[in-house]
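A short worksheet on the structure shown next.
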2 protein chains.
Amino acid sequence: MLKGKNGAGDLASCPMDFILRLLMGPWTTYILYTLGEQGPQRFGELKRRVTGVSAKMLTERLRSLEQAGLVTRHYEATIPPKVTYALAARGHELRGVLGTLAAVGSKWLAEDAAAANVPRQAAE
Amino acid sequence: MLKGKNGAGDLASCPMDFILRLLMGPWTTYILYTLGEQGPQRFGELKRRVTGVSAKMLTERLRSLEQAGLVTRHYEATIPPKVTYALAARGHELRGVLGTLAAVGSKWLAEDAAAANVPRQAAE
DNA sequence: TAAAGTAGGTACCTTGACGTAACTACTAAC
DNA sequence: GTTAGTAGTTACGTCAAGGTACCTACTTTA
């Protein structure tokens, strides 16, 4: 999967494909994380906080996330235009799952570190 | 993140990076799914089931997964060598989380389909 | 004798994803 | 009048990830 050409993953893998394709993008989880922690913010703020991202990438990622219903885009046609992005309901929903995933990752990382530091007696 | 060059994602995003980098690979979730559903199997079987994957990719993915402790590799030096891959404890652990993620994806996909098919009265 | 299957490894080559830079329109400030 | 800031879009170049093809060493089968 994740190549869109398999044609055989007709089981529970398709929604996985959908969701991983979304999160996979280079800055995606970082953007989601920032929006979650810092709350709704403007394009410029987001760009400054997601260190190193280019405007192009940020726009592209935000468009994908918006299309999938993870973030909302609020456009005010004032003269310096003001565009505010916020996590939508789905974004918050995903935060929970991603939190679990991160917790699993943390645990493994900690286990690995422990195994590396105390390889003696190791009840392994 | 997911580019290894940010240097700013020093929060809860690092384990995310670790785990997404693992799952992100093209065929990874497909492989994990197959190993989970079909149980331990040989390289050839896996390659045949994960339709379209090349030996190179499969080997590479399996090595990463093995290194991360998600799958185990059992090598028997018989004359046609027999190599069996199986989900390790971490693999099973991840299955649960990925199941949740897939469920979320399914729900969204269903919601989207419903919204597209019945845009009238929208209570379906 | 030759082909096929086992589990990969290696070399090469393409492609598309990402980064960079320039451009938009409009206004406020200097 | 020129610069900066707003929120992008567009064009272009590059580089590495992934695909394809070929290679191993050994045995069984036709």
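First the proteins, then the strands, lettered A, B, ... as listed; each starts at 1. Since the structure is predicted, the reported quantities are computational estimates derived from the model, not experimental observations.
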Residues 63-82 of chain A vs salt bridge (charged side-chain N to carboxylate O under 4.0 Å, His left out), sequence neighbours excluded, gives none
Residue pairs meeting salt bridge (charged side-chain N to carboxylate O under 4.0 Å, His left out), one or both in residues 99-108 of chain A, sequence neighbours left out, come to A:Lys107-B:Glu93
Scoring nucleotides 23-30 of chain C by protein non-hydrogen atoms under 4.0 Å (B base, S sugar-phosphate only, - none) yields ----S---
The side-chain hydrogen bond (donor to acceptor under 3.5 Å, both in side chains) partners of B:Glu111 (sequence neighbours excluded) come to A:Arg90
Got a sec, which residues hit side-chain hydrogen bond (donor to acceptor under 3.5 Å, both in side chains) with A:Lys56, two or more places apart in sequence or on another chain?
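side-chain hydrogen bond (donor to acceptor under 3.5 Å, both in side chains) check on A:Lys56 returns nothing, list empty.
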Got a sec, which residues hit side-chain contact (heavy atoms from CB on, under 4.5 Å) with [X], two or more places apart in sequence or on another chain?
X: A:Ala103; answer: none
X: A:Thr100; answer: B:Val97
X: A:Ala114; answer: none
X: A:Leu58; answer: A:Ile31, A:Phe43, A:Leu46, A:Lys47, A:Val53, A:Leu62

CG on B:Leu101 to CG on A:Leu20, rounded to 0.5 Å
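Interatomic distance, A:Leu20 CG to B:Leu101 CG, rounded to 0.5 Å: 6.0 Å.
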Practice task
Go through D:dG19, D:dG8, C:dA7 for me and flag the one nearest to the B:Trp27 side chain.
Solution key: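 Nearest to the side-chain atoms of B:Trp27, counting from C-beta on, is D:dG19.
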- request: With the side chain of B:Tyr85 defined as its heavy atoms from C-beta on, choose the nearest nucleotide among D:dT6, D:dG8, C:dG8.
  value: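 Of all the options, the side chain of B:Tyr85 is nearest to C:dG8.
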Distance check needed: [N] [atom2] versus [X] [atom1], whole Å only.
X: B:Gln41; N: C:dT6; atom1: CD; atom2: P; result: 13 Å
X: B:Lys47; N: C:dG9; atom1: NZ; atom2: C1'; result: 14 Å
X: B:Glu45; N: C:dT6; atom1: CD; atom2: P; result: 9 Å
X: B:Tyr75; N: C:dA7; atom1: OH; atom2: P; result: 10 Å

Ignoring backbone atoms, establish whether B:Arg48 has a side-chain N or O less than 4.0 Å from OP1 or OP2 of C:dA7.
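Looking at the OP1 and OP2 atoms of C:dA7, neither is under 4.0 Å from any side-chain N or O of B:Arg48.
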Checklist entry - Is any side-chain nitrogen or oxygen of A:Arg42 closer than 4.0 Å to OP1 or OP2 of D:dT6? => result no
Q) Between A:Gly52 and B:Arg73, which is nearer to the 5' end of DNA chain C once each is assigned its nearest nucleotide? A)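 By nearest-heavy-atom nucleotide position, the 5'-most residue is B:Arg73.
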Sorted by chain and number, sequence neighbours left out, salt bridge (charged side-chain N to carboxylate O under 4.0 Å, His left out) with A:Arg95 holds for A:Glu37
_Flag, side chain of B:Thr51 to backbone of B:Arg49, donor-acceptor distance under 3.5 Å_ = yes
Can you sort out which residues in residues 56-65 of chain A have a heavy atom within less than 4.0 Å of DNA chain C? Ascending by number, please.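 Contacts with DNA chain C under 4.0 Å: A:Lys56, A:Met57.
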Check your understanding: Bend angle of the helix from C:dT1-D:dA30 to C:dC30-D:dG1 from five-pair axes at both ends, rounded to 10°?
Key ->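 Roughly 30° between the end axes, to the nearest 10°.
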